[in-house]
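One structure below.
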2 protein chains.
Amino acid sequence: MVTEWMTTRAIDPDAGGNGRDNDRGSGRGGDAADRSDGRAAGRGNGAPATLSDVAREAGVSIATASRVLNGGTRKVRDDLRGRVMQAAERLNYHANAYAQAVAKGGSSNIALLVSDISDPYFAGVSQGVVKAASQRGVTVSIAVASNGEDELDRVRGMVATRPRGIIISESENVNDSSRQELQEELERYRSSGGRVVFILDRGLPFPAVDVANEAGGRAIGRLLVESGYRRPVILKGNDGYRSSAQRYRGVVGALAEAGIMVDPRAVVNGQFNRTKGFSAIMQMAGAGMLTPGEGAVYGGAGADSIVALNDVMAIGAMTALRNAGIVPGRDIGVTGFGDIPYAVDVYPALTTVHLPLTDMGRAAVENVLSDDDGYVADDPGRRLIFLQGRPDVILRDSLPRR
Amino acid sequence: MVTEWMTTRAIDPDAGGNGRDNDRGSGRGGDAADRSDGRAAGRGNGAPATLSDVAREAGVSIATASRVLNGGTRKVRDDLRGRVMQAAERLNYHANAYAQAVAKGGSSNIALLVSDISDPYFAGVSQGVVKAASQRGVTVSIAVASNGEDELDRVRGMVATRPRGIIISESENVNDSSRQELQEELERYRSSGGRVVFILDRGLPFPAVDVANEAGGRAIGRLLVESGYRRPVILKGNDGYRSSAQRYRGVVGALAEAGIMVDPRAVVNGQFNRTKGFSAIMQMAGAGMLTPGEGAVYGGAGADSIVALNDVMAIGAMTALRNAGIVPGRDIGVTGFGDIPYAVDVYPALTTVHLPLTDMGRAAVENVLSDDDGYVADDPGRRLIFLQGRPDVILRDSLPRR
DNA sequence: CTGTTAGCGCGTTCAT
DNA sequence: ATGAACGCGCTAACAG
């Protein structure tokens, strides 16, 4: 859409109509023939050096070359080893990762699927995955899928690359007609030796890195009560999303224990993104549901707080409040869930429950790379990897005592 | 480090003190041996189906199977085609991407290198890269490198995977002892058919997706002047970072035209991250350099604005100001550069210059996938892909007229 | 310890 | 139009 400003400057005005002298050359490897001696003038002009190039250059067999360049702990006479390494250096040899993968029937790559990298939550998780992976010498391919169908497509594409494992960190996909297919696809992948791990449990029969969602929700609920709030608006994610449901159950439960019933009109089912948080509150404010008055929630009393089950929703909600002339923190308290990095930078700083984003990513790759995925079919309980034993609620200024 | 909270908990709260029955066991997965005939009963039990499995199942040659499943526009009799496709479906065949890559001598993957995915700037760019790539059917592998040495390592790892191209979006690496090596490595990669594209020019002889940095800086400078500010503190990135230098030149130039000289003590060389913005301002405020008084900048007059050459620095600076009891927007104006998504959510909302993050990512992959990389050795000016012809400064509340 | 020889899964000529 | 055979770059048995 916004492509108007895009100015891919032209390249070679004068080259004009002249034929393209694309010597894409090579085409087929006339091979052997023109590769007279393998030394294309040392200029890295042609294709990258191969193992056999190195072997020839070093005057050894390709097997030997393989052994010194990659083969782990095999023994090779020192002089040969030296020659090989020098040759490799000289030819700037880099093993062809694909060929290796084909030969040994398995890559050293893990696939990561997220809904939206530009969301701080996923960005944090991804950062953890990528760093942990690279520390262990495995690469990660990343894909984004914004809806259920995309998700299935992406997963299919991923299994084609036969990664060591697939890590799925999607926020939600509901009404999931493709859910069944997804599960089947993943099960086939697993039965062929692949590992799949979810980040945040989605109720599918695979291991998942999970956190104390319900306990976190309860903690928020109690904090609300202790801080003197009685009339929260709750911003949840979609109903099909377990984490949201768990958090919701937690806060509602804690509230109930204190004798507080939340007004059904005060709970909005949205999605875990900033836009939804923003628009939901804009709309409620516009309808006069937030501040005391006729159409207000809680029988006209209005809301005294907004409990978002996700940080970005909370942040969107805060700016919506401001747009509506309501001062977050002063007029209405706000809480989030996740503790994304910029939760401290909004004003007032966001009170939220901390989630160890990058560590969640790390835990996922550790599981993928471990020998045993800890999955036990008949005991669903055994397939969860819990991080964050007790929830860590971070008190900041968006929910002052009142 | 922070691993203490990590509690790979058993699941059930009530399961109480029971011992952890970690049967890590398993060791190797056996297998391999049992592949007697390749046909593991059709059940997806064994290894994934291969092309020849499909061919056999369909009663055709592997070549034919290849043609219908992948081979573009070849002609195959309809009945055969049908049988093949059914067989593929039944066996849940997915082409082995690695084998394809080896066979045709080139993958359909591009590598992306960033400094930090969890930084909104890189997250935005990455999102653009990944989405654009997947629309074109190419996968992207991502790696992070926080410093110059890592960068070289990662690049080396990347070339091993022989991607179609390498996109580098690193913020900066200074005192770069490895810079020369990096360039050589990349040149070898290119001479072997690879494409490399930088996002934001770094002065290396490769195409780069760039934006109107200096013009943007000038726009900010002029806005400052027009809005009545005279005593800015400038938060730059590292000196070796061209984009920072360009932006800096722009604002200083515009200021100079208006007869404003910036106090040398008021410019801090940092890095483009939130922490640096935060700490720099904390420190200056602590030293009394910001508010009128003895040690203040501008001969004791203090600063009336903070010009951060990057959004996250600006955001860090704003919360630092608050910590120091200075109200951003009211006491001191603030501007950023980049327009990351959450620039609207800080308070006051950040005035900044817009950068089309995801489109920058997209442009990079388009260049990688295009036939001609537009690089012309002898005319450095010709190797840039400009986005955003005229800078778009977004007026918000952090820099009110005064 | 080193070199030979089979494959790995797939694309692609070359005959048929 | 279809199939047989070879090669991609590399690893892994197997000999020597």
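What you are looking at is a predicted structure, and each value in this text was computed from that prediction instead of being measured. Note on naming: letters A, B, ... go to the chains in the order of the sequence lines (proteins, then strands), and numbering restarts at 1 for each one.
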Consider the side chain of B:A103, meaning its heavy atoms from C-beta on, and name the nucleotide among C:dC10, C:dG3, D:dG3 that approaches it most closely. C:dC10
Measure from the side-chain heavy atoms of A:Q100 and tell me the nearest of C:dT4, D:dT11, C:dG11. D:dT11
Side-chain donor or acceptor of [X] paired with backbone N/O of [Y] under 3.5 Å:
{"X": "A:S107", "Y": "A:R162", "answer": "yes"}
{"X": "A:R136", "Y": "A:A132", "answer": "yes"}
{"X": "A:E151", "Y": "A:A145", "answer": "no"}

Should [X] be listed as having a side-chain N or O under 4.0 Å from OP1 or OP2 of [N]?
{"X": "A:Y93", "N": "D:dC10", "value": "yes"}
{"X": "B:T64", "N": "D:dG3", "value": "yes"}
{"X": "B:T50", "N": "C:dG9", "value": "no"}
{"X": "B:S66", "N": "C:dG11", "value": "yes"}

Which comes earlier along DNA chain D counting from the 5' end, the contact point of B:R77 or that of A:K104, where each point is its nearest nucleotide? B:R77
Residue met sooner reading DNA chain D from 5', once B:L80 and A:A95 are mapped to nucleotides: B:L80
Can you check the [X] [atom1] to [N] [atom2] distance for me, whole Å?
{"X": "B:R56", "N": "D:dA4", "atom1": "CZ", "atom2": "P", "result": "13 Å"}
{"X": "B:Y98", "N": "D:dT11", "atom1": "OH", "atom2": "C1'", "result": "16 Å"}
{"X": "B:E57", "N": "C:dG9", "atom1": "CD", "atom2": "P", "result": "17 Å"}
{"X": "A:R67", "N": "D:dG9", "atom1": "CZ", "atom2": "P", "result": "20 Å"}
{"X": "B:N96", "N": "C:dG7", "atom1": "CG", "atom2": "C1'", "result": "14 Å"}
{"X": "A:I62", "N": "C:dA6", "atom1": "CD1", "atom2": "P", "result": "14 Å"}

Considering only heavy atoms and no angle criterion, is a donor-acceptor pair shorter than 3.5 Å present between the side chain of A:R162 and the base of C:dG9? no
Any salt bridge between A:E185 and A:R188, counting N to O under 4.0 Å? yes
Remember a base hit wins even if backbone is also touched, and classify B:A101 as base, sugar-phosphate or nothing at under 4.0 Å, heavy atoms. nothing
Under the side chain to side chain donor-acceptor pair (under 3.5 Å) test, which residues partner B:Q183, sequence neighbours left out? B:E187
